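Shown next, in C-alpha cells, is the structure this report addresses.
On a predicted model such as this, the values are computed, not experimentally measured, just so you know.
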Amino acid sequence: MTQKEALAILEAGHNVLLTGPAGSGKTFLLNQFIKYLKEKNVVVAVTASTGIAATHLGGRTIHSWAGIGIHDYLSPREIYALTKRSYLKKQFDKTSVLVIDEVSMLHAHRLDMIDAVCREFKNNGLPFGGIQVVMSGDFFQLPPISPGQDEAEFVYKAKVWPEMDLRVCYLDEQHRQNDKKMTAILKSLRQNKVDAKTVELLNSRLNQKTKTTHRPVRLFTHNADVDAINDAELQKIDGQEFTYRMSGEGEKKLVESLKKNCLVPESLILKEGALVMFVKNKFIEEKAVYVNGTTGIIVGFDESNYPIVRLRSGEEIVALPDSWTIDDEYRVLAKIIQVPLRLAWAITVHKSQGMTLEAAEIDLSRSFGYGMGYVALSRLTSLDGLYLMGINDMAYKLDPQVFAYDKELITLSEQATGDVKEKRFKKQASLLSE
C-alpha cells in the first residue's frame, strides 16, 4: 500500500494497523495524519509503547496516557477508580483519536487494559469506547519482553483485537535503503529465506576497515559493552571537558519520564575529538539539517561553548540546545532542554530502533533474541555502510509466529488497497467526517 492510500483510510476514521518494513515511512505518515487532525481541530492522543519511541512523535507513553502505569492487571473496581481522577476524565472526554506507535513492543494484556479503561471513561461498550485507534509498528522488530514465556505476547493476541474491525495498511515503499544489495539482504531476512548468497554478502562485510575519517557508531546487543566503550573512548582524549546539564519544566512525573526515556543524557560531557550522534530531528523549511542517528565528530566549540560537529559530509553544525516535549492537545505538559547529542562510539541494538544510520560497526556475535539481526541491519542505508564485527545464527532468525501472521497482514492490506482504489470503503461516523 502507498502512503497516499493509507492516509485516505486513516482520514476516513477507521481503526488502523499501520505496518511494513523498517524505513517504509510509518512515522512520517503518522505525523502527516496527526497534522491533518490538528488542522481539523480533532483532539488526538499521541502515544507509543516506549518512552524512546514516544519522543520521536512528541508524545507520551501509552501507559502514562491511559493511567495504567506499570500495572499488569487492573480490576474493574480499580478501573472505575481511575474515572475519579479529574485530569484523566478531562483528557478522555476530549480525545477522539488514539495513536499508539511501536505496538510490536506492547503486550496483548495491556492493550486489553487500555481498551477497558477507554470504555469506562467513555461510558461506551464499543472497542476503546468508540475512540478511533491507530496502531503503528512492525512485528519483525524487537518483541515485548516476556520473562519466563516461550512465546512473546504480541499485541494481536489481545481479546479486543478481533472486535476492532481493523483496516491493515502495509506500507511497502522503501525510503531508507538506497542500494539493491542491502534491500535484498533485508528482504531475505524478512521472508525467512536467508540463503548462501545472503550469507556471502554479509560475510563480505566482516572485519572490513572503515573508509570514513572518523569511526562509525558501533552497535552491540548488550548494555555493558556500550557503556564501557563510550566511557573508555572519551577518557582516551586529552583536552578540556565541556559539560552540558539538562533542564526541565512542567509536571514532575512527566519530566522524569522524558529524562528516563530520551536518548540524550542528563549530564553530557564532551571533548574535542569525541564521536557523537544527534538524537533528534531538525528541519528547516522541510529540509533535514540532521536526523535522529546522524553522526559526526566534535571539532571545536563556539564562543558560547556549544559544540561544533563535523558531519560525514564535511559540513559543520553548531549543536544548540533543543527541547523534547509531552503535549496534550495544544498545551505543553512537560519539557526537557539539552544539547541533542550523545556519545556515539557505541549504542545498543535496542536503542537504535527507529534510527537511520549511514554507517555502523555492528557486532551480532552475541544476538540472543528474534529480530535482533533484522533490527540492527535495517538501520543502515546501504551495504557499504556496514562494518560487521561478528554474527551468529540467532541473528538470522525471526519469530515463526510473526512470520506466519505477516502473510495474513499482507493479504488484509491488499484487500484494503482494493477498497480504496474502487472507493468501496465508507467513512466512519466520527468527528473526522466532513
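Of the possible polar contacts, one joining the N392 side chain to the S367 backbone as a donor-acceptor pair under 3.5 Å is found. Side chain of S365 to main chain of G390: no donor-acceptor pair is present (N/O by atom type, distance under 3.5 Å, no hydrogens or angles). Looking only at distances, a side-chain donor or acceptor of K122 sits under 3.5 Å from a matching main-chain atom of F92. A donor-acceptor pair under 3.5 Å is absent between the side-chain atoms of S257 and the main chain of K253, judged by distance alone. Judged by distance alone, the side chain of T19 and the main-chain N or O of G137 form a donor-acceptor pair under 3.5 Å. Not one N or O on the side chain of N31 forms a donor-acceptor pair closer than 3.5 Å with the backbone of I34. Judged purely by atom type and a 3.5 angstrom limit, Q338 uses its side chain to pair as donor or acceptor with the backbone of P265. Panel note: side chain K26, backbone G20; a donor-acceptor pair is recorded below 3.5 Å. The backbone N or O of V117 lies less than 3.5 Å from no partner atom in the side chain of E120, so there is not a single donor-acceptor pair. Checked by atom type and distance alone, the side chain of D112 pairs as donor or acceptor with a backbone atom of V160 at under 3.5 Å.
For the atom pair CD1 of I185 and CG of L201, the computed distance is 4.5 Å after rounding to the nearest 0.5 Å. Atom CD of Q191 and atom CG of L398 lie 10.5 Å apart (nearest 0.5 Å). To the nearest 0.5 Å, atoms CG (L219) and NE2 (H350) are separated by 12.5 Å. To the nearest 0.5 angstrom, M135 atom CE is 11.0 Å from T47 atom OG1. With rounding to the nearest 0.5 angstrom, the OG1 atom of T417 is 3.0 Å from the CE atom of M1.
Taking each heavy atom of M277 and I347 in turn, the nearest pair found is CE-CD1, 4.0 Å. Scanning all heavy atoms of the two residues, the minimum distance from L254 to S64 falls at CD2-OG, 3.7 Å. Across L364 and A376, no two heavy atoms sit closer than the pair CD2-CB, 4.0 Å. Of all heavy-atom pairs spanning T221 and M372, the tightest one is CG2-SD, 3.3 Å.
Side-chain polar atoms of E408 and T411 form no donor-acceptor pair below 3.5 angstrom. Looking only at atom types and distance, the side chain of S382 has no donor-acceptor partner in the side chain of D384 under 3.5 Å away. K4 and Q32 share no donor-acceptor pair across their side chains, judged by distance under 3.5 Å alone. Using modelled atom types and a 3.5 Å distance limit, the side chains of H14 and Q132 yield no donor-acceptor pair.
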- Item | Check against side chain to side chain contact (heavy atoms under 4.5 Å, CB included), L30 and T27 | CA-CA 5 Å; L30 281 182; T27 302; 5.5 Å; no
- Task: Please report the C-alpha distance between Y170 and E414 in whole Å, then the side-chain angles of each, then the deciding distance to 0.1 Å, and finally whether the side chain to side chain contact (heavy atoms under 4.5 Å, CB included) criterion is met.
- Result: CA-CA 8 Å; Y170 200 117; E414 287 170 348; over 6 Å; no
- Test V99 against V44 for side chain to side chain contact (heavy atoms under 4.5 Å, CB included), laying out the working first. CA-CA 7 Å; V99 171; V44 53; 3.9 Å; yes
- Task: Take W161 and L166 through the side chain to side chain contact (heavy atoms under 4.5 Å, CB included) test and state the conclusion after the steps.
- Result: CA-CA 8 Å; W161 195 265; L166 278 171; 3.6 Å; yes
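Ring planes of F403 and F140: tilted class, angle from 30 to 60°. Between Y405 and Y156, the ring planes lie parallel to each other; the angle is under 30°, not in the 30° to 60° tilted range.
Within the 4.5 Å cutoff, the side chain of Y370 has no heavy atoms near those of the Q141 side chain. Contact of the R190 side chain with the P21 side chain is registered, since non-hydrogen atoms from C-beta on lie closer than 4.5 Å. Within the 4.5 Å cutoff, the side chain of R245 has no heavy atoms near those of the S247 side chain. Residues L29 and L171 form a side-chain contact, since some pair of their non-hydrogen atoms from C-beta on lies under 4.5 Å apart. In this structure, R342 and V264 have side chains that are not in contact, with every pair of non-hydrogen atoms separated by 4.5 Å or more. Put simply, the side chain of F368 does not reach to within 4.5 Å of the side chain of M394, judged on heavy atoms. Looking only at side-chain heavy atoms (C-beta outward), V217 and W345 stay at 4.5 Å or farther from each other. For the pair I391 and Y396, the minimum side-chain heavy-atom distance is below 4.5 Å.
C118 pairs with exactly one of T95, I131, L126 by the side chain to side chain contact (heavy atoms under 4.5 Å, CB included) rule, that one being I131.
Counted within 6.0 Å of CG on D393, heavy atoms from surrounding residues, nucleotides or ligands total 12 or fewer; the atom is thus considered open. For N123, the CG atom sits in a loose shell: 12 or fewer heavy atoms of surrounding residues, nucleotides or ligands are nearer than 6.0 Å.
Under 4.0 Å is where a charged nitrogen must lie from a carboxylate oxygen, and between D225 and R366 at least one such pair does. By the 4.0 Å N-to-carboxylate-O rule, R218 lies close enough to E233 to be salt-bridged with it. Electrostatic pairing of E163 and R119 counts as a salt bridge here, judged by a charged N lying under 4.0 Å from a carboxylate O. The pair R167-D165 meets the salt-bridge criterion, since a charged nitrogen lies less than 4.0 angstrom from a carboxylate oxygen. We find that K259 and E256 are joined by a salt bridge, their nearest charged nitrogen and carboxylate oxygen being less than 4.0 Å apart.
Geometrically, R205 engages Y387 in a cation-pi contact, judged by NZ or CZ lying under 6.0 Å from the ring centre and within 45° of the ring axis.
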